[in-house]
There are 2 protein chains.
Amino acid sequence: MVSRYSRGMNEERGRGGRPRSEQARTAVLQAVDDLLLEVGYAAMTMKGIAERAGVGRQTVYRWWSTKAEILFEASVADAEEELAIGPAGAPLDDLTAYLEALVRFLAHSPAGAAYRALLAAAQQDSAVAELLASKDVLGDSARGVVERVVRQEAASIPVDLATALLIGPPFFWILSGRDPSGLAARELAEAFMDGLHARKAR
Amino acid sequence: MVSRYSRGMNEERGRGGRPRSEQARTAVLQAVDDLLLEVGYAAMTMKGIAERAGVGRQTVYRWWSTKAEILFEASVADAEEELAIGPAGAPLDDLTAYLEALVRFLAHSPAGAAYRALLAAAQQDSAVAELLASKDVLGDSARGVVERVVRQEAASIPVDLATALLIGPPFFWILSGRDPSGLAARELAEAFMDGLHARKAR
DNA sequence: CACATTCGAGGCATGGTGTCTCGATATAGT
DNA sequence: ACTATATCGAGACACCATGCCTCGAATGTG
């Protein structure tokens, strides 16, 4: 479910009227960030968010329909930043750096916790699923690395497939509750490169 | 959180007392199965389960702590059955058959919907996480195929890693909301085999 | 027959939901 | 300045699920 008003801070309003309070907006996003760490997603309530932010309940409902929406807005920027990895030189180093960032994000970062909570909610709530589909954080983050490596290795493979091959294993490992310390980014990177080379030879 | 009593239908009780009703137990499990399809996991309530099963609320709470526990008990058997794939002959055919079953399970099967709901709940509830950890449905289902293929191909790779390499890509694809019809089981199987061969050569 | 335990049913306090109303406040158009 | 409009924080409201408790009835064991 998209916010009933679905316009950001700087979009047009009907003429006149008190402008939306930037302070209230920021306080709500911050409250969600805090509460996610303090009580977790399941125990986070719209009521609690409003109280924590020092904001009226209607003010929250006016701009967001669900806690998923708020959490999404509050964590997307952090997620993108944590997953952005500059070119590292050799493809293997490039992939390793990305996979390390990915594991750190999924298993240890607050923004990653938010992403996992949203992904979980999306399995049962199509509104949240659409929200996540509107911004493919993981896919986008991998695309740069994948395209760079595929080009350098002159492999022919659809980017979407390569992305799933790269992200999938650590994604499954962590989401299924396996110990992230048992994950070797370099080993995963090598496995990915192996697959690319073999595909080229075939 | 494990059921406070944590004993099955045929375990010892203190001596005497009315025996647990098999009819009530079955009705509850069936109600959860039905409700998952009719209203989804999020909208499923302990109260609704009891009413649907024609059972007292306390009777539900006596044997299960949460709806996750009930759903787990109600769907594990179906999940195992759907994911059990007999040897198909050639390793590539073996892998393809398994991956087809996996995609069918995750994307289209009611038992798969239950699994996805539980996996989602586990991201926010450590009790559910322990429940899932106690029975690694996906990992166990893949182990047979993986061990068979690794042995036949004489590859040296830890089974856990190979399992993640095999399950991960379709798992990520589906859980992240991508269209499962865009998944080619044979292509995924080939990619897995490619990685195995390259690893052998390295 | 006494005892233990379950059964279905439903009462209860607690707490979150989402809507509504209130008076106050801030901006745009006249 | 004045009016129209939309926001603000605060909280009342009806509704519903939770999880515990109690009841009388049912069903087993020693």
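The sequence lines fix the lettering, A, B, ..., with proteins before strands; numbering per chain opens at 1. Just so it is clear, the model here is predicted, and its values are computed rather than measured.
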(message) Tell me which residues in residues 35-54 of chain A lie within less than 4.0 Å of DNA chain C, going by non-hydrogen atoms.
(response)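 Residues of residues 35-54 of chain A that come under 4.0 Å of DNA chain C are, in numerical order, A/T45, A/M46, A/K47.
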(request) Please check the phosphate of D/dT7 (OP1 and OP2 only) for any side-chain N or O of A/S21 closer than 4.0 Å. (result)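 For D/dT7, OP1/OP2 do not have a side-chain N/O of A/S21 under 4.0 Å.
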(message) Below the 4.0 Å mark, does D/dA6 have OP1 or OP2 next to a side-chain nitrogen or oxygen of A/W63?
(response)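 Indeed not, no polar side-chain atom of A/W63 lies that close.
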(request) State which residues pass salt bridge (Lys or Arg N to Asp or Glu O under 4.0 Å) with B/E80; sequence neighbours excluded, sorted by chain then number. (result)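 Once residues adjacent in sequence are excluded, the partners of B/E80 under the salt bridge (Lys or Arg N to Asp or Glu O under 4.0 Å) criterion are B/K135.
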Mind calculating the distance between [atom1] ([X]) and [atom2] ([N]) to the nearest angstrom?
X: B/Y61; N: C/dG10; atom1: OH; atom2: C1'; result: 14 Å
X: B/E22; N: C/dT6; atom1: CD; atom2: P; result: 15 Å
X: A/R62; N: D/dA10; atom1: CZ; atom2: P; result: 14 Å
X: B/W64; N: D/dT18; atom1: CH2; atom2: C1'; result: 18 Å
X: B/E69; N: D/dG19; atom1: CD; atom2: P; result: 12 Å

(message) Using the ring pair (Phe, Tyr, Trp, His ring centres under 6.0 Å) criterion, which residues pair with A/F72? Sequence neighbours excluded.
(response)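 None.
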(request) Go through the structure and list residues passing ring pair (Phe, Tyr, Trp, His ring centres under 6.0 Å) with B/F172, not counting sequence neighbours. (result)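 Expected list: A/F171.
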Under 3.5 Å, side-chain donor or acceptor atoms of residues 102-116 of chain B against the rest of the protein: list the pairs with distances, not counting sequence neighbours.
from	atom 1	to	atom 2	distance (Å)
B/S109	OG	B/E82	OE1	2.6
B/S109	OG	B/E82	OE2	3.2
B/S109	OG	B/A111	N	2.9
B/S109	OG	B/G112	N	3.1
B/R116	NE	B/L106	O	2.9
B/R116	NH1	A/Q123	OE1	3.4

Give every donor-acceptor pair under 3.5 Å between a side-chain atom in residues 26-38 of chain A and any protein atom, sequence neighbours left out.
from	atom 1	to	atom 2	distance (Å)
A/T26	OG1	A/E22	O	2.9
A/T26	OG1	A/E22	OE2	3.0
A/Q30	NE2	A/D34	OD1	3.0
A/E38	OE1	A/R52	NH1	3.0
A/E38	OE2	A/R52	NH2	2.7

(request) With sequence neighbours excluded, tell me which residues meet side-chain hydrogen bond (donor to acceptor under 3.5 Å, both in side chains) with B/E153. (result)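 Listed in chain order: B/H197.
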Mind listing the side-chain donor-acceptor pairs of residues 158-170 of chain A below 3.5 Å, one per line with the distance, residues two or more places apart or on another chain?
from	atom 1	to	atom 2	distance (Å)
A/T163	OG1	A/V159	O	2.7

Grab the N/O contacts between the protein and nucleotides 20-24 of chain C below 3.5 Å, and write none if there aren't any.
from	atom 1	to	atom 2	distance (Å)
C/dC20	N4	A/Q58	NE2	2.5

(message) Less than 4.5 Å apart, side chain to side chain, heavy atoms only: is that true for B/M46 and B/E51?
(response)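 Result no, sub-4.5 Å side-chain heavy-atom pair not found.
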